[in-house]
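Below: the structure, in structure tokens.
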Amino acid sequence: MSAEATDTRYVVVAPGEGQVVLTVVGADGTVLESRTLTGSGGTERSRTDHAPGAATDVDLTAAVRELERDGVRWTWADTALTYPPLLAAGVRVARCHDLRLARRILRNAAWLAGTPFARAAHDAWDDPAPVPGTTDGLFDSAALSPVRGPALDPVHELQRQLEVLRPAPSDPSTAPSSAPPQVPSQVPDDRRGRLRLLVAAESAGALVAAEMAFCGLPWRADVHDALLTTILGPRPVEGYRPAMLEAKLDEVRAALGTTDVNPDSPADLLRALRRAGLPVTSTRSWELKELDHPAVAPLLEYKKLARLWTANGWHWLDAWVRDGRFRPVYVVGGVVTGRWASDGGGALQLPHQVRDAVRADDGWSFVVADAAQLEPRILAAMSGDPAMARAGRAADMYEGIVATGAVETREHAKYGMLGAMYGGTQGVSGQVLPQLQRAFPRALGVVEQAAATGQRGGRVTTWLGRTSPPPGAQRSAAQGLASDPDADTAATDRARAQARSWGRFTRNFVVQGTAAEWALCWMALLRGRLRELGGEAALTGSPHLVFFLHDEVIVHTPAALADDVAEAVVACAVEAGRLLFGEPDAVEFRLSVARVTSYAQAKQPSQDGDAATRDQGVEG
DNA sequence: CACGGCTGCCAC
DNA sequence: AAACGTGGCAGCCGTG
């Protein structure tokens, strides 16, 4: 993930009608060479799987294989469109530059405000990527796709992005290349360097996402089905509830003295509960839990079972698991903070209940690794708070905080820190906040400052320069109203509440977003190491990433390599910390690492919160 | 009947 | 411990 190399050569892939143009561009933006690939006779493919931006008629694979040996950075509009066909043809690439993902980051970057790049008029590069596979007749997105139009020249776009990211010539680290057309402004080179790293990491993430979709998460439908049958009863006839749900529902109805309550309708259920004399204001589980009534227990059980049935039951299995693999669609950068989102399949919310269906292939293992207390460690690192960094070198950071004497118990440390990062004010969070502020003024200052900026309507940035969106029009309108002396108090209160809410968002943004950057770097580095471990073997025949969830990865690996993989995962976590925050390892990014054959054997959430008993992994 | 808002719960 | 951050998604229910 060497984002900095000045000798990098970019190969821009520009698909057109019946041809693909490959343009080699130097790090200074100079076009070095270009070649046109045309549909070679005989191998012409059907256009039925035509995706916009993908090289459909032209076989790219040979050219990619050849140029890949030179270590180039592949540059294309959308990794999600262009890379999957290459993977299907057995081709992998080491590095890429995703123009659309980079564009979004750079256009929003507050650090680049005032540059010509930031001020340029909106164009189609700012539009969302076309959706792959939407190619039916009238709404053929390929035909409509601006990617194919003359207006969107990927070479030109790369040149613009390289220019805005290029270090100023005064920077001693800059190679004395021919004077680049200078240069947007007084953006400090340090910031440009961070943005270069962010763009490289985001692009690497796009490669990982495509590869994970290609490989899929190993999923045993038979195990899943057996699990459902055990918990819910046999699969019911379509339109009927499973037996165990009906049984619980009978108990609920008996206890409430009704025969016809629909437990799936909150309004109906609420009425029935109140008729039975229960003083509830909603049907939320946590509210019901407080009540002493014979209907409560079976109702809570019903809700639990119903959730499993509707969200991850047989329908889900039919829809999302094929040939022993679960293939969710990951949306890189889909969350404003830089976290990934997913589209369909609920990949970001796989309940622990069903994780036993995630099984390694015969002779293979999973290495499941999860960053321990990632966000507080990130806050310690980005704030440079020496006392909190000391706590962040402990195996368990919350114990580390207790050891500084700032708070009494691990629970106080945990909920205090979570509250500080989320903007909590009530309960334990609020109580210990002053203690944390006293002990860690710089760290708490970072989040307080971010909250204050957001509350004023300002924007904040992560460590690498991802910038929060401007407050919505709705908020601004409310603000305007609030400053109007005639505004009624209700409107004023609403405006204040909205401002505070935006402050909580920006408070969390800087930490969550920087944690996402660490995780991207971690995964990008790991991807490279896994490729080395795999040697010449194909992606699915060697250790490969199969799952990523904010601060957690799963690698599917031949069992014989599992120990090497576990070591690599830990090494990459350390390296990711250095990449972002520099050499000294002021904070240690610890992992818990498990070598398992079922995902369910990896950490379980314990009932009493976040067990301090969890093992702290192989780096011990 | 499609769509969107709302509720509630899952994940981190 | 408490109802405080980011999301996805199923089902209900009112609206056009």
Side-chain angles (χ1 to χ4, degrees), chain A residues 241 262-270 280-290 299-300 302-313 315-316 319-320 328-331 333-355 370-375 379 409-433 447 450-451 454 460 462 468-469 497 500-516 519 547-553 599 603-605 607-610:
Chain A
R241 291 189 180 91
N262 175 5
D264 303 319
S265 164
D268 195 34
L269 181 57
L270 185 60
V280 282
T281 60
S282 78
T283 63
R284 293 183 187 88
S285 293
W286 63 264
E287 190 177 345
L288 297 176
K289 258 182 213 119
E290 305 303 313
L299 180 52
L300 291 174
Y302 175 90
K303 281 166 164 278
K304 189 89 184 151
L305 298 180
R307 169 76 193 183
L308 173 63
W309 178 50
T310 55
N312 293 99
H315 282 151
W316 181 91
W320 290 101
V329 177
Y330 296 100
V331 186
V335 180
V336 279
T337 58
R339 298 219 293 205
W340 289 11
S342 77
D343 188 6
L348 273 48
Q349 24 175 160
L350 282 186
H352 289 87
Q353 257 181 323
V354 302
R355 292 186 178 185
D370 138 27
Q373 305 97 36
L374 179 59
E375 292 194 353
L379 178 59
T409 67
R410 185 181 188 278
E411 298 297 281
H412 284 193
K414 176 177 177 175
Y415 296 114
M417 286 303 296
L418 289 178
M421 294 184 296
Y422 288 165
T425 55
Q426 304 291 304
V428 165
S429 289
Q431 277 168 33
V432 301
L433 196 61
V447 284
V460 297
T462 60
S468 68
R500 277 196 304 274
S501 166
W502 196 256
R504 286 194 298 274
F505 164 63
T506 52
R507 169 194 294 270
N508 186 249
F509 181 94
V510 295
V511 180
Q512 186 185 114
T514 303
F547 192 63
F548 170 54
L549 188 56
H550 307 321
D551 62 358
E552 174 179 358
V553 297
Y599 189 17
K603 67 137 194 219
Q604 285 284 342
Q607 290 309 317
D608 57 345
D610 187 42

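Computed from a prediction, not measured in an experiment: that's the story for all the values here. Order of the sequence lines sets the chain letters (A, B, ...), proteins ahead of strands, with each chain counted from 1.
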Within the structure provided, determine whether [X] and [Y] are in side-chain contact (heavy-atom separation under 4.5 Å).
X        : Y        : value
A/Asp370 : A/Leu549 : no
A/Asp343 : A/Tyr330 : no
A/Val553 : A/Phe547 : no
A/Leu379 : A/Met417 : yes
A/Lys303 : A/Leu288 : yes

Would you classify [X] as touching base, sugar-phosphate or nothing, given that sugar-phosphate means primed atoms plus P, OP1 and OP2, and contacts are heavy atoms under 4.0 Å?
X        : result
A/Gly430 : nothing
A/Trp286 : base
A/Gly427 : sugar-phosphate
A/Arg284 : sugar-phosphate
A/Asp343 : sugar-phosphate
A/Ser342 : sugar-phosphate
A/Val511 : nothing
A/Gly345 : sugar-phosphate
A/Arg339 : base

From the list [options], which nucleotide is the closest neighbour of the side chain of [X]?
X        : options               : result
A/Arg307 : B/dC12, B/dC9, C/dG5  : B/dC9
A/Asp551 : C/dA1, C/dC12, B/dC12 : B/dC12
A/Arg504 : B/dC9, B/dT7, C/dG5   : C/dG5
A/Ala341 : B/dA11, C/dG5, C/dG8  : C/dG8
A/Thr310 : C/dG11, B/dC12, C/dG5 : C/dG11

Problem set entry | A/Arg339 and A/Thr337 side chains, donor-acceptor separation under 3.5 Å |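 No, because no side-chain N or O of A/Thr337 sits under 3.5 Å from a partner of the opposite role on A/Arg339.
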Exercise. Which pair of non-hydrogen atoms, one from A/Trp320 and one from A/Gly345, has the smallest distance, and what is that distance?
Worked result: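 Taking every non-hydrogen atom into account, CZ2-N, 3.0 Å.
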Expressed as a whole number of angstroms, how long is the span from [X]:[atom1] to [N]:[atom2]?
X        : N      : atom1 : atom2 : value
A/Leu308 : B/dG8  : CG    : P     : 20 Å
A/Arg241 : C/dA10 : CZ    : P     : 18 Å
A/Lys304 : B/dG8  : NZ    : P     : 17 Å
A/His550 : C/dG5  : NE2   : P     : 16 Å
A/Leu433 : C/dA1  : CG    : P     : 18 Å
A/Trp316 : B/dC10 : CH2   : C1'   : 13 Å
A/Glu375 : B/dA11 : CD    : C1'   : 13 Å
A/Asp264 : C/dA10 : CG    : C1'   : 10 Å

Exercise. Parallel, tilted or perpendicular: which describes the rings of A/Trp502 and A/Phe505, with under 30° parallel and over 60° perpendicular?
Worked result: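 Judged by the thresholds at 30° and 60°, the geometry between A/Trp502 and A/Phe505 is tilted.
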For this session: Flag the pair A/Asp264 and A/Arg241 as a salt bridge only when some basic side-chain nitrogen lies within less than 4.0 angstrom of an acidic carboxylate oxygen.
Result: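 Yes, A/Asp264 and A/Arg241 are salt-bridged.
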If the cut-off is 4.0 Å, is [X] near the phosphate of [N], judged by side-chain N/O to OP1 or OP2?
X        : N      : value
A/Lys303 : B/dC9  : yes
A/Thr283 : B/dG8  : yes
A/Ser265 : C/dC13 : yes
A/His352 : B/dC12 : yes

Exercise. Starting at the 5' end of DNA chain C and moving along, which residue's nearest nucleotide shows up first, A/Trp320 or A/Thr425?
Worked result: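 Its nucleotide being nearer the 5' end, the pick is A/Thr425.
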For this session: Give the stems involving DNA chain C, where a stem is 3 or more consecutive Watson-Crick or G-U wobble pairs (i with j, i+1 with j-1, and so on) under 3.5 Å.
Result: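 Runs of three or more consecutive pairs: B:1-12 with C:5-16.
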